[in-house]
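As structure tokens, the structure follows; a few thoughts come after it.
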Amino acid sequence: MSRFDFVVIGSGPAGRRAAVQAAKLGNSVLVLEKGRRVGGVSVHTGTIPSKTLRETVLNLTGWRERGFYGRAYRVKQDIGAEDLQARLHMTLDHEVDVLEHQFARNAVRTLRAAARFIDPHTIEATTEAGEIQLIEGERFLIAVGTRPHRPPEIPFDGRRVLDSDEMIEIAKLPRSLTVVGAGVIGVEYATIFSALDVSVSLVEPRASFLDFIDQELIQDFVHQLRDRGIAIRLGAKVAKIEFEDERPVTTLENGRRVRSEMLLYAAGRVGNTDSLNLEACGITVDHRGRLKVDPRTFQTEQPHIYAAGDAIGFPSLASTSMEQGRIAACHAFGLPMPPAPEYFPYGIYSVPEISTVGLTEEEVKAKGLAYECGIARFRETSRGHIMGLNTGMMKMIFAVETRRLLGVHIVGEGATELIHIGQAVLNLKGTLDYFIENTFNYPTLAEAYKIAALDAWNRMARG
Ligand SMILES: Cc1cc2nc3c(=O)[nH]c(=O)nc-3n(C[C@H](O)[C@H](O)[C@H](O)COP(=O)(O)OP(=O)(O)OC[C@H]3O[C@@H](n4cnc5c(N)ncnc54)[C@H](O)[C@@H]3O)c2cc1C
């Protein structure tokens, strides 16, 4: 039996960051990964593939130039699935290469095997060839992530009805697409395919979607999506999905039928904890296979077993998973860590992208705080003119009494990068005056911060 100070199950963002951190603290570390290559959902089926697809689509369609040259403008005519896949594979190979190098540099051992506990300190690791090894660990991190929820009544066939893992490997671009589930993943894919001029219907059982985003932003976003012809069907559950003439037809409970060439079912994910035999170490999971942890230390019910990343639920982002993994490893090996800052950014890589940090206007109202908002449109900035932007907005919210920044909400080009200025000011407890007093590079979209702050300042002055 081999023995390690730290055994990490899963090589996604949480596992990767935790393993490297523990190794840097001088521990022997083993990462167990059951997938063919290291990197997790983030590298192989989630974050990086979908963002590569998005970037490829925006480049090949000439999306960013359409403000100048019109909606019919295209850099490449006849974009096919092979065009999208070529760049995807290059990017993923590069990501895996960087990760393997990082493990090697830090003497992190990896084993391609599926892990299951046989007691609180021992793992049984089974390789693809069926060989079994027993591994003893002093401390563990469960970072097994999630997989798409595949209800038995949905006729998945990997070709016409797919989950989000399958979506990145499609052999042919559809002319029409139904996306069931208007969560982050569904909205990203719906808008990316719409940018390819695929006719898209977005179906969501609830009456609203992306409810954690400031509603003024969502209104602007929905307006842009409808303007592009995306059919948004809210407030009706899916009654059934069946094939008619080889095409998936979605019947909603209100009787409406939505036909398309392809259907992406993106309604939720479940934790990969079912095969870990957690009963052997007395750890329980919720109905979606998610683990409960101490939010400051990431310890499970067993103090020497930590869990991080999507396997513990909200917010289920690669960015936050990495930080959780690092905090867990530091705690496990006695390096005191301050708690993570209160506000982290949320990035939705739809077309257009959305990013947000801090409180929404709805949350500020619910707290009963006196506040004022400031709005900037990207078309008010010189950089926006240069880029031909007709859309894009930033909203900032400030407390009236203290002038403290409470939240920043952006929809439009560069939102996921721009947000970090707001995040820094927010977590450093800055005020409206930071934006008024400081000089910003010109011409940049970041100038929107000054414009929105001045707008809020004017409104405050008017009382
Ligand atoms: C389509 C899509 C787009 C996304 N876009 C973004 C984005 O833009 N930004 C962002 O921040 N986040 C994004 N996410 C979320 C992000 O991918 C996840 O938050 C992140 O991958 C979670 O990391 P993790 O370390 O918890 O686990 P994962 O990345 O899920 O990795 C878990 C690993 O554990 C392995 N494993 C599971 N069970 C076992 C076992 N028993 N033994 C050994 N190995 C095992 C799996 O094979 C897998 O490799 C996206 C997700 C999806 C699906």
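Start at 1 and go down the list; that is how both ligands and their atoms are numbered.
Numbered from 1 in the order shown, with element, the atoms of ligand 1 that lie under 4.0 Å from a heavy atom of K51 read 3 (C), 4 (C), 5 (N), 6 (C), 7 (C), 8 (O). Numbered from 1 in the order shown, with element, the atoms of ligand 1 that lie under 4.0 Å from a heavy atom of Y349 read 8 (O). Applying the 4.0 Å criterion to heavy atoms of A14 picks out, from ligand 1, the atoms 25 (O). Close contacts between ligand 1 and S321 involve ligand atoms 19 (O), 22 (C), 23 (O) [criterion: under 4.0 Å to a heavy atom]. For ligand 1 and G10, the ligand atoms under 4.0 Å from any heavy atom of the residue are 33 (C), 34 (O), 35 (C). Per-residue contacts place L276 under 4.0 angstrom from the following atoms of ligand 1 (heavy atoms of the residue considered): 41 (N). Distances below 4.0 Å separate heavy atoms of G309 from the following atoms of ligand 1: 26 (O).
Between S50 and ligand 1 there is a heavy-atom distance shorter than 4.0 Å. Heavy-atom separations between A113 and ligand 1 include at least one value shorter than 4.0 Å.
Looking at K395 and E216, a side-chain N of the basic residue comes within less than 4.0 Å of a carboxylate O on the acidic one, giving a salt bridge. Comment: E166 does not engage R159 in a salt bridge, judged by the lack of any side-chain N to carboxylate O separation of less than 4.0 angstrom. Of the charged side-chain nitrogens involved, at least one lies within less than 4.0 Å of a carboxylate oxygen, so that R74 and D197 count as a salt-bridged pair. A salt bridge links E413 to R64: one of the charged nitrogens lies within less than 4.0 Å of a carboxylate oxygen.
At a heavy-atom cutoff of 4.0 Å, ligand 1 is contacted by no atom of R16, backbone or side chain. With a heavy-atom cut-off of 4.0 Å, S316 touches ligand 1 through its backbone alone. Residue contacts with ligand 1 for P49 are absent, since no atom lies close enough (heavy atoms, distance under 4.0 Å). Contacts with ligand 1 closer than 4.0 Å are made by side-chain heavy atoms of R269 only, the backbone lying farther away. The proximity of V144 to ligand 1, defined as any non-hydrogen pair under 4.0 Å, involves the side chain as well as the backbone. When heavy-atom distances to ligand 1 are checked against a 4.0 Å cut-off, I9 comes that close only through its side chain, counted from C-beta outward. Contacts with ligand 1 closer than 4.0 Å are made by no heavy atom of V38, backbone or side chain.
Between the choices G271, P315, A266, A318, the shortest heavy-atom distance to atom 12 (N) of ligand 1 belongs to A318.
A donor and an acceptor atom, one from each side chain of Q224 and D220, are located under 3.5 Å apart.
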R3 vs D5, test: salt bridge (Lys or Arg N to Asp or Glu O under 4.0 Å). Steps then yes/no. CA-CA 7 Å; R3 200 206 146 275; D5 298 329; 3.6 Å; yes

Apply salt bridge (Lys or Arg N to Asp or Glu O under 4.0 Å) to residues R288 and D286 and explain how you reach the verdict. CA-CA 5 Å; R288 285 238 161 169; D286 71 10; over 6 Å; no

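Residue, atom and distance of the protein heavy atom nearest to atom 27 (O) of ligand 1 are G145 CA, 3.6 Å. In terms of protein heavy-atom proximity, atom 17 (O) of ligand 1 is nearest to T47 OG1, 2.8 Å.
Residues V7 and L32 come closest through the heavy atom pair CG1-CD1, 3.8 Å.
A donor-acceptor pair under 3.5 Å is formed between the side chain of T381 and the backbone N or O of G384.
Residues meeting the side chain to side chain contact (heavy atoms under 4.5 Å, CB included) test with I132, sequence neighbours left out: E124, T126. Considering only residues two or more places apart in sequence or on other chains, K76 meets the side-chain hydrogen bond (donor to acceptor under 3.5 Å, both in side chains) condition with D83.
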